[in-house]
Amino acid sequence: MDILTTRYVRMNMSEKPKKFEKKNVLYLVIAGLALVIIILLASWVIISNNSGATTEETGTTAKVSSSASSVSSSSTSKYVEGKDYTVKYSNDGIVDKADVNEAMTATGVNNYDDDMDTSSDGGNFAKIEIFYNKSENVIVQKLYKNGYKNNEPTMINAYDLSKKKMVDGNIGRLYYDNQPLVYTWTNNTVK
C-alpha cells in the first residue's frame, strides 16, 4: 500500500493548482489582438475590392460576376441578360457605380422588363446611354426607342446627384456632349 509516501510527493499533492502567470496572460492578450487585427485587415481588403467604380461588361463574351449588374434583375424576369439585352458599365475612375444605379432607379430606367416591353405603356427602348457631367455632378440619360434614326435619342433625362432629383427644364447638348459614357444598355432583340 502506498499510504506512506515520501515527503516530497505529499508536499506536491497538497499544493493548489498554479494560476496563470502574468506573462502567460500577456501573451494571450497579444495573440487575441493580433487575430482581431488580421480579421479587420482582411475585411477591409475584401470591402475595398468590391466597392466603388468598376468596368464591367455583361453578355455572351463577358466574365461571370458574383455582383448583380442590375438592380431589377430577378429570377422571374422574362428577359435574359446576355441573350435579350446587354449591360456595359464603363465608369472606372469617373463616377461611382452606386451613383449611376441611383440615377437609374430615380428615373426608372433600370427595370429591364419594362424597358424592353413593346406595349403602349412599356419603355420599348432599343438603347440607353448614360453620361456623367462632372462639372455639374449630373447623370445624363439618352433613351432611344425602337426605330430611332440618325443616332438621335428619343428622350433625354438628367439626374442631379447633389440635389438627389431630376433636372427640370431643357437638357441641352452642353450637359452630355464631350462627356464620358459610363453605362450602355442595348436591347439585343431589336433587328
Side-chain angles (χ1 to χ4, degrees), residues 44-74 77-117 122-167 170-191:
W44 177 72
V45 168
I46 291 170
I47 289 170
S48 66
N49 285 339
N50 290 336
S51 65
T54 59
T55 300
E56 175 181 338
E57 182 172 347
T58 57
T60 55
T61 60
K63 63 182 179 178
V64 177
S65 174
S66 63
S67 65
S69 63
S70 73
V71 176
S72 65
S73 65
S74 69
S77 177
K78 63 182 179 178
Y79 298 105
V80 178
E81 183 176 354
K83 178 183 169 209
D84 299 316
Y85 63 90
T86 305
V87 173
K88 180 180 180 186
Y89 284 90
S90 51
N91 60 314
D92 192 21
I94 301 169
V95 64
D96 192 37
K97 184 177 178 180
D99 290 336
V100 175
N101 289 337
E102 174 188 332
M104 290 171 47
T105 300
T107 58
V109 298
N110 64 338
N111 182 345
Y112 300 138
D113 285 344
D114 185 56
D115 294 342
M116 294 184 70
D117 188 358
N124 195 23
F125 293 120
K127 178 171 68 169
I128 298 172
E129 295 178 333
I130 296 182
F131 298 85
Y132 177 62
N133 183 325
K134 185 175 183 176
S135 63
E136 301 287 333
N137 199 25
V138 169
I139 298 282
V140 179
Q141 303 167 345
K142 292 170 70 175
L143 311 171
Y144 300 83
K145 293 244 183 205
N146 286 324
Y148 71 94
K149 293 181 174 47
N150 301 326
N151 205 25
E152 288 294 322
T154 312
M155 183 182 342
I156 300 174
N157 294 331
Y159 181 78
D160 190 323
L161 293 169
S162 302
K163 296 177 183 174
K164 305 286 186 202
K165 68 175 201 150
M166 299 232 353
V167 174
N170 185 26
I171 310 300
R173 287 190 173 279
L174 294 176
Y175 269 95
Y176 57 86
D177 273 354
N178 300 318
Q179 301 299 327
L181 178 66
V182 295
Y183 173 91
T184 307
W185 175 86
T186 308
N187 183 342
N188 296 336
T189 63
V190 177
K191 300 293 183 216

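Starting from 1, each residue takes its place in the sequence as its number.
Heavy atoms only, all atoms of each residue included: Val138 and Asp160 are closest at CG2-CA, 4.2 Å. Between Ile130 and Met104, the shortest heavy-atom distance links the atoms CD1-CG, 3.5 Å.
Around the CG atom of Asp177, the shell of radius 6.0 Å holds more than 12 heavy atoms that belong to other residues, nucleotides or ligands.
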* Asked: Does the side-chain contact (heavy atoms from CB on, under 4.5 Å) test come out yes or no for Tyr132 and Asn137, once each step is laid out?
  -> CA-CA 7 Å; Tyr132 177 62; Asn137 199 25; 2.8 Å; yes
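Atom CD1 of Ile171 and atom CG of Asn157 lie 7.5 Å apart (nearest 0.5 Å). Atoms CZ and CG, on Phe131 and Asn133 in that order, are 11.5 Å from each other to the nearest 0.5 Å. Atom OH of Tyr183 sits about 6.0 Å away from atom CD1 of Ile128, to the nearest 0.5 Å. Taken to the nearest 0.5 Å, the CD1 atom of Ile156 stands 7.5 Å off from the OH atom of Tyr144. From Thr186, atom OG1 reaches atom CG of Asp84 across 13.0 Å, with rounding to the nearest 0.5 Å.
By the 4.5 Å heavy-atom criterion applied to side chains, Thr107 and Gln141 are counted as neighbours. Looking only at side-chain heavy atoms (C-beta outward), Tyr175 and Val167 come within less than 4.5 Å of each other. Between Lys145 and Phe125, some side-chain heavy-atom pair lies under the 4.5 Å cut-off. Proximity of Glu129 to Tyr176: side-chain heavy atoms (C-beta onward) are nowhere separated by under 4.5 Å. Between Tyr159 and Lys164 there is a side-chain heavy-atom pair separated by less than 4.5 Å.
Considering Lys127, Arg173, Lys142 in turn, Arg173 is the only one that fulfils the salt bridge (charged side-chain N to carboxylate O under 4.0 Å, His left out) rule with Glu152.
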